[in-house]
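Residue numbers start from 1 in every chain, and the chains themselves are labelled A, B, ... in the order their sequence lines are given, proteins ahead of strands.
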Number of protein chains: 2
Amino acid sequence: MAMKATDAAAPDREVADGLTAAACLFHGFSDTSRLSIVRHLALGEHRVVDLTAHLGLAQSTVSQHLACLKDCGLVSSRPEGRASMWSLNHPATVMDLLAAAERLLALTGDAVTLCPTYGAGSLHGGTS
Amino acid sequence: MAMKATDAAAPDREVADGLTAAACLFHGFSDTSRLSIVRHLALGEHRVVDLTAHLGLAQSTVSQHLACLKDCGLVSSRPEGRASMWSLNHPATVMDLLAAAERLLALTGDAVTLCPTYGAGSLHGGTS
DNA sequence: CGCTTTCATCGCCATGTGCCGATGATAGGT
DNA sequence: ACCTATCATCGGCACATGGCGATGAAAGCG
């Protein structure tokens, strides 16, 4: 949440900012609740109240996680009536990332299925 | 650090454990210091004192980060004299993950170069 | 106009995190 | 045997984080 990085000045600053941006991105995935949210959003748009039901968390908690993911640039909301429809910004690329993590976890020992619908390592090429 | 997941019982438990394992993995990358460590280790084996010099952090801090990465199964140490040589466990797969993150960050707006030597998206196939 | 639903934000609390210095163990070097 | 270098671990300290309930603003519905 308290992590931002979106300028670029010195040639080394660029790398450092890249690291903080990457750290922020990975932080978005470093929580089971947020991971579940991403998985649900990968299946399509969802409202906050919908996610609260799926996750069994308080509405405020879900909103905060969504705000966190929004800070990372992973999701965005579209006002729909009095609700907010949340969706992944770059689904295919996100799934690529999850697939890569899946492969790594497979090597680490745990057999994991992160991507909801799509299998382990398919769906390459489209970035959005 | 306080996250582990290496069993598998019920069919749904499997998914939950997968999420915690994945969260743990991403947590390993969710810190600029650890990210720097991974980048340095991607270039080859390094000792702790070497990394402290590169990072400008205390030795205890670096050791703790390495322990964290070890918990995630990302790195491992090889005793070399009185020192410890640390190295990435699955360099190619890790770089794949970083490359995927790079692509995602590129879409998000930040131009980032995570992978030290290798460019953005090469080096496929070898998993160890 | 009220009532309800949905949501973002705030305050609060318990816990986790990153950082450090200090300590003790291990292993080379003299 | 002694000293030095290297490292893992411990205790402690700020601060961030994740969780919750409560509050207030939008926006449908009667």
Side-chain angles (χ1 to χ4, degrees), chain A residues 1-5 16 19-38 40-41 45-72 74-87, chain B residues 1-5 16 19-38 40-41 45-72 74-87:
Chain A
M1 270 69 145
M3 313 176 78
K4 267 279 171 159
L19 284 190
T20 61
C24 178
L25 171 67
F26 284 121
H27 177 75
F29 293 105
S30 68
D31 181 89
T32 54
S33 302
R34 283 192 292 270
L35 227 34
S36 288
I37 290 177
V38 169
H40 280 292
L41 291 185
E45 286 184 328
H46 280 278
R47 299 177 306 155
V48 175
V49 69
D50 222 350
L51 294 170
T52 59
H54 281 302
L55 299 175
L57 291 176
Q59 173 262 322
S60 57
T61 305
V62 174
S63 275
Q64 242 167 325
H65 280 309
L66 285 171
C68 172
L69 292 172
K70 183 185 187 178
D71 271 0
C72 304
L74 287 173
V75 303
S76 53
S77 63
R78 175 176 62 85
E80 168 101 358
R82 64 193 161 180
S84 307
M85 296 301 294
W86 290 83
S87 55
Chain B
M1 272 65 137
M3 314 176 78
K4 267 280 175 159
L19 284 190
T20 61
C24 179
L25 172 67
F26 284 121
H27 178 75
F29 293 106
S30 68
D31 181 87
T32 55
S33 301
R34 283 192 292 270
L35 227 33
S36 287
I37 290 177
V38 169
H40 280 291
L41 291 185
E45 286 184 328
H46 280 278
R47 300 176 305 155
V48 175
V49 70
D50 222 352
L51 294 171
T52 59
H54 281 302
L55 299 176
L57 290 177
Q59 173 262 321
S60 57
T61 305
V62 174
S63 275
Q64 240 166 324
H65 280 309
L66 285 170
C68 172
L69 291 172
K70 182 184 188 179
D71 269 1
C72 305
L74 288 173
V75 304
S76 53
S77 63
R78 174 176 62 84
E80 167 100 0
R82 62 191 161 182
S84 307
M85 296 299 295
W86 290 83
S87 55

Visitor: Pick base, sugar-phosphate or nothing for A:S84, based on heavy-atom distances below 4.0 Å to the nucleic acid.
Guide: sugar-phosphate

Visitor: When you check every protein heavy atom under 4.0 Å of nucleotides 24-30 of chain C, what one-letter string (B, S, -) results, 5' to 3'?
Guide: ---BS--

Visitor: Does a donor on one side chain and an acceptor on the other come within less than 3.5 Å for A:S63 and A:Q59?
Guide: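 A:S63 vs A:Q59: donor-acceptor pair found between side chains.
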
Visitor: Output the rounded distance in Å from CG (A:D71) to C1' (D:dT17).
Guide: 14 Å

Visitor: For the atom pair CZ (A:R34) and CG (B:L19), what is the distance rounded to the nearest 0.5 Å?
Guide: 12.5 Å

Visitor: How close or far is atom P of C:dC7 from atom CG of A:L55, stated in whole angstroms?
Guide: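 For the pair A:L55 CG and C:dC7 P, the rounded distance is 13 Å.
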
Visitor: Write down the distance between CG (B:L69) and C1' (D:dA8), rounded to a whole number of angstrom.
Guide: 15 Å

Visitor: Taking the side chain of A:R47 as its heavy atoms from C-beta onward, which of D:dA8, C:dC7, D:dG19 lies nearest to it?
Guide: C:dC7

Visitor: Could you tell me how far apart A:R34 (CZ) and D:dG18 (C1') are, to the nearest whole angstrom?
Guide: 8 Å

Visitor: Find out whether A:T61 and A:S33 are in side-chain contact, i.e. whether some heavy atom of one side chain is under 4.5 Å from a heavy atom of the other.
Guide: no

Visitor: Test side chain to side chain contact (heavy atoms under 4.5 Å, CB included) on A:E45 and A:R78 and set out the steps.
Guide: CA-CA 9 Å; A:E45 286 184 328; A:R78 175 176 62 85; 2.7 Å; yes

Visitor: Can you tell me which nucleotide in C:dG18, D:dT9, C:dC20 comes closest to the side chain of B:A58?
Guide: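 Given the options C:dG18, D:dT9, C:dC20, the side chain of B:A58 is closest to C:dC20.
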
Visitor: Mind checking whether B:M85 and B:H46 have side chains closer than 4.5 Å, heavy atoms only?
Guide: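 No - every pair of side-chain heavy atoms lies 4.5 Å or more apart.
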
Visitor: Would A:L41 and A:L74 satisfy side chain to side chain contact (heavy atoms under 4.5 Å, CB included), going step by step from the backbone distance to the final call?
Guide: CA-CA 10 Å; A:L41 291 185; A:L74 287 173; over 6 Å; no

Visitor: Measuring to OP1 and OP2 of C:dC20, would you say a side-chain N or O of B:T61 lies under 4.0 angstrom away?
Guide: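 Result: yes.
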
Visitor: Does D:dT17 have its OP1 or OP2 closer than 4.0 Å to a side-chain nitrogen or oxygen of A:H65?
Guide: no

Visitor: Find the distance A:D31:CG to C:dT15:P and express it as a whole number of Å.
Guide: 17 Å

Visitor: Is the shortest side-chain heavy-atom distance between B:L51 and B:L66 below 4.5 Å?
Guide: yes

Visitor: For the OG1 atom of A:T20 and the CG atom of B:D31, what is their distance to the nearest 0.5 Å?
Guide: 11.0 Å

Visitor: Between A:L57 and B:V49, who's closer to the 5' end of DNA chain D by nearest nucleotide?
Guide: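 Nearer the 5' end of the strand: B:V49.
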
Visitor: Using whole Å, report how far NE2 of B:H27 lies from P of C:dT15.
Guide: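 Distance check: B:H27 NE2 to C:dT15 P gives 18 Å.
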
Visitor: Of A:I37, A:V75, A:L35, A:V38, which is the lone residue that meets side-chain contact (heavy atoms from CB on, under 4.5 Å) with A:H65?
Guide: A:I37

Visitor: Just verifying a value: how many Å separate A:H27 NE2 and A:C72 SG, rounded to the nearest 0.5 Å?
Guide: 7.0 Å

Visitor: Give the B/S/- string for nucleotides 10-15 of chain D, one per nucleotide from 5' to 3', where a protein heavy atom under 4.0 Å of the base yields B, of only the sugar-phosphate yields S, and otherwise -.
Guide: ------

Visitor: Using whole Å, report how far CG of B:D50 lies from P of D:dC7.
Guide: 8 Å

Visitor: Tell me: CE of B:M85 to C1' of D:dT6, nearest whole Å?
Guide: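 It is 13 Å, rounded to the nearest whole Å.
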
Visitor: Under 4.0 Å between a side-chain N or O of A:W86 and OP1 or OP2 of C:dA8?
Guide: yes

